[in-house]
Amino acid sequence: MAITYFKPDTLIDTCCEQCGNRHKETLARLYSEDTLVCAGCGSEHTSDRRQFRQAVDETEALVNKLPAWTGTLLSWLHMPLR
């Protein structure tokens with residue numbers, strides 16, 4: 001799934017599990033890259049980014065459903081859409 005609602009250039013703090021080096025990565029890179037290498041020690045980040053991708057995908061899917069959900073809510077409240 002492509003990132004639609006999140007800003008791909010959003011910077012996210014990351015920390016190397018090996019050396020503790022902290023740096024920022026863009027959301028787009030964290031989402032799309034299979035592996036990341038620490039600039040400090042050269043080791044590969046081992047954090048499970050599958051969970052990160054899944055959370056982004058699930059959030060994007062929920063945001064996609066908002067317009068339909070809003071219409072349903074308004075119909076329950078008997079309010080016309082503008």
Glu25: partners by salt bridge (charged side-chain N to carboxylate O under 4.0 Å, His left out), with sequence neighbours left out | Arg29

Results of salt bridge (charged side-chain N to carboxylate O under 4.0 Å, His left out) for Asp13 - residues two or more places apart only | Lys24

Say whether Leu36 and Phe52 are linked into one hydrophobic cluster, either directly or through other cluster members, by side-chain heavy-atom distances under 4.5 angstrom.
-> yes

Minimal heavy-atom distance between Ala39 and Asn21, with the atoms involved, is C-ND2, 4.2 Å

Here the gap from His23 atom NE2 to Cys15 atom SG, rounded to the nearest 0.5 Å, amounts to 9.0 Å

Results of salt bridge (charged side-chain N to carboxylate O under 4.0 Å, His left out) for Lys7 - residues two or more places apart only | none

What is the minimum heavy-atom distance between Arg53 and Glu33, and which atoms define it?
-> NH2-O, 2.7 Å

Linking I/L/V/M/F/W/Y whenever any side-chain heavy atoms sit under 4.5 Å apart, do Val56 and Leu62 land together?
-> no

Would you say the side chain of Ser43 lies within less than 4.5 Å of the side chain of Cys19, judging by non-hydrogen atoms?
-> no

Considering the options Thr26, Asp57, Ile12, which one meets the side chain to side chain contact (heavy atoms under 4.5 Å, CB included) requirement together with Tyr31?
-> Asp57

First locate atom CD of Glu44, then atom SG of Cys41, and finally report the distance between them rounded to the nearest 0.5 Å.
-> 11.0 Å

